[in-house]
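Note sheet for the following structure.
Because only heavy atoms are used, hydrogens play no part in the values below, and waters and symmetry mates are left out as well, while side chains stay in. Note that the coordinates shown come from a computational prediction; the quantities given were computed from them, not determined experimentally. In each ligand, atom 1 is the first atom listed, and ligand 1 is the first ligand listed. Position 1 is the first residue of the sequence, and the numbers go up from there.
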Amino acid sequence: MGKPSSNLASAADASVALASGFKGLTAKLDYLSESEVAQVRQAYRFADEAHLGQLRSSGDPYITHPIAVASQCAEWKLDAQALMAALLHDAMEDCGVTKVELIEHFGSPVAELVDGLTKLDKLSFNTREENQAESFRKMLLAMARDVRVILIKLADRTHNMRTMGDMPRAKWGRIAQETLDIYSPIAHRLGLNQTYRELQDLSFRHLLPWRYGVLSKAVEKARSRRRDLLKKVKTELEATFAAHGMPVRIAGREKSLYSIYRKMHDKHLSFAQVTDVYGFRVLVPETTDCYTALGLLHQLYKPVPGRFKDHIAIAKVNGYQSLHTTLVGPAGINVEFQMRTESMHLVAESGVAAHWLYKVNANQEHANDRLGTQWLQSLLDIQDETRDAAEFWENVKVDLFPDAVYVFTPKTQIMALPRGATVVDFAYAIHSNVGDRTMAARINGEQVPLRTELKNGDVVEVVTAPSATPNPAWLSFVRTGRARSKIRHHLKTMQLTESEELGHKLLAQALRAEGIESFPDAVAHATTWDKLLRFTGSKNRQELLTDIGLGKRIANIVAKRLVLLLGDAGQRPDALLLTRERFGPGNGHGMGSIALDGSENASVKFALCCRPIPGDPILGYLGRGEGLVVHTAQCPVAARLQYKDGERFMGVEWSDEPTRAFEVDLAITVSNGKGVMAKVAAALAAAEADIVHIDMVADSAQDVKELHFVVAVRDRAHLDAVLAKLQRSPVVTRAQRSKKAG
Ligand code: MN
């Protein structure tokens, strides 16, 4: 919106129109200092030049639009920076003026405002879902780091709506709907009621021109019918207040056409039911006068029970304050009244903008009037402490909406997440299946790390893979409780499944050691399993196997019981197998050994004290609750455990085909010199060993130093090749697998 047409204006015509337009604006700037007015004029000249030759749809020079926007801002008594930004608001987008240029000419606060407005312009809202509109509104508010950006944007939208008749009809629907869905509710939320009503009526008029026409004629007719009656009420009111010496300002109050339409439409009411209600507003000097005025009115006309509302004691969230009552007026018609002070009126009509309006008026008559509500009071407190609009806005924002960040899915759905949320939080917010399978992500089309924090307006795209699983490291940066609990849940289930598989393996091996070759089937041996479960006190087979895998139960004890039960059921152990398993070579542990290939993940741990690799003789220790821990046969830690806790050891062996590399500690002594580390790293790379970790023992006194590496190797043979390669390097004096003292 606001794109200029490309026709060239006659330069002479244009300059005449411009001069008068800007003069109209300067007439409203009497609240600014002379130097501020000069700055505004400078911004006007710059904008005028930038937009030269561009025309509005009406045929007017384009500059008339920024002037109109600035005039609206001047009515709100916004500061000079805001007025300058209003004049320049389309310069970046439409004229190719850069932010750097704006900073050079007008300073960075003004440039930031213009930049903020340009960014808002780039967002377009095109979904009809109600909750999406709400999110979009919040996103707009959150993105505008300065409330002045929102106010200028509202002034911009108001002028575009006022001049919509000049635009092609085809554009009316979309723009009017957007105004109704997004901008008028924002105006309402910020308490700018006058703008709110105007935007609604203008949208209604362009969205449903025919209904608007019919309704406005009907309202006009109804008003003229009641004109005498309303005049009578007003006269009686004036006389009453005059008799009590109370200076008041009385105004008739008219409903907006759109609110009449909505009421009829939503509540299925007739035109007469909606419009046969008349309203007056009584403006009084002091807060206590509101209550006095109420008393006087109740003496004049009979109140309608249940219609009195005290919005002074309890203000509405947007800062609105007034007393409301409904009375039965002449000829029995209901008349609504609102009592408020001038400053309450200011807030009621202008909301957030009252911050600036109040600043201007504060030196005048209502300086001592208390604005009462916490919200406004806090605004005023802030104003006392700082004149910084950004800080003011931060404080207002806290009251307006929670600490949230709003982002788009690739399908332009809007998602609200807590501030600080990351890509992973976003993935889990979409669906736990998406979160669990997240592999990579793009923000605004660029690949980003999964821990990246989201910013308002980001378009976030999650790349999933069926084989991907949650990483425990995610827990360190996710922000939402949902993501955290889903990740924990998944990791736990993953570990339990693995433990169950290991338990199955362990029990099968223990059974072989007892002479049972085939693992008893859950269905065929249902009775036996039931008895076993009763013996162990486990809930089910799965739990028993998991417990064995986690080391909470010892497999050969369970196996012995199972063998007894199988014997009861008539299945005898195979004596040959039993002999082979128990007394066969290399098997002194009372049960068969299980083969490890490195794919066991969480249920099997390779001890960090000795870091076993394929080819090493190994022992398995079934730790309590931690699953199987594998040590090398020479490990001193394992030796101590074996002495203390021997029955928890079991035979393990390497599978013939390990599925991954294993980490091993290396101690490398090198001559001290430049580039030594690089040479060692190069030697390791040449031997195809990945470096996992490096530790240096700093000893500058010596001419040599020792480096500690953790590298990943396939097996013993690979390790030997790595060590040989290192030995051949000229900088290495010694390289060996290090044995940490247990
Ligand atoms: Mn504009």
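- Taking the Mn ion (ligand 1) as reference, the nearest N/O/S atom within Asp156 carries the name OD1.
- Using a cut-off of 4.0 Å between Lys/Arg side-chain N and Asp/Glu carboxylate O, Lys153 and Asp156 are scored as salt-bridged.
- Restricting Asp90 to its N, O or S atoms, the one at the least distance from the Mn ion (ligand 1) is OD2.
- Shown here are the side chain to side chain donor-acceptor pair (under 3.5 Å) partners of Tyr261, two or more places apart in sequence or in another chain: Arg211.
- Inclusion of His89 in the first shell of the Mn ion (ligand 1) is supported: an N, O or S atom falls under 2.8 Å.
- Among residues two or more places apart in sequence or in another chain, the side chain to side chain donor-acceptor pair (under 3.5 Å) test is passed with Lys99 by Glu112, Asp115.
- Comment: Glu453 does not engage Arg479 in a salt bridge, judged by the lack of any side-chain N to carboxylate O separation of less than 4.0 angstrom.
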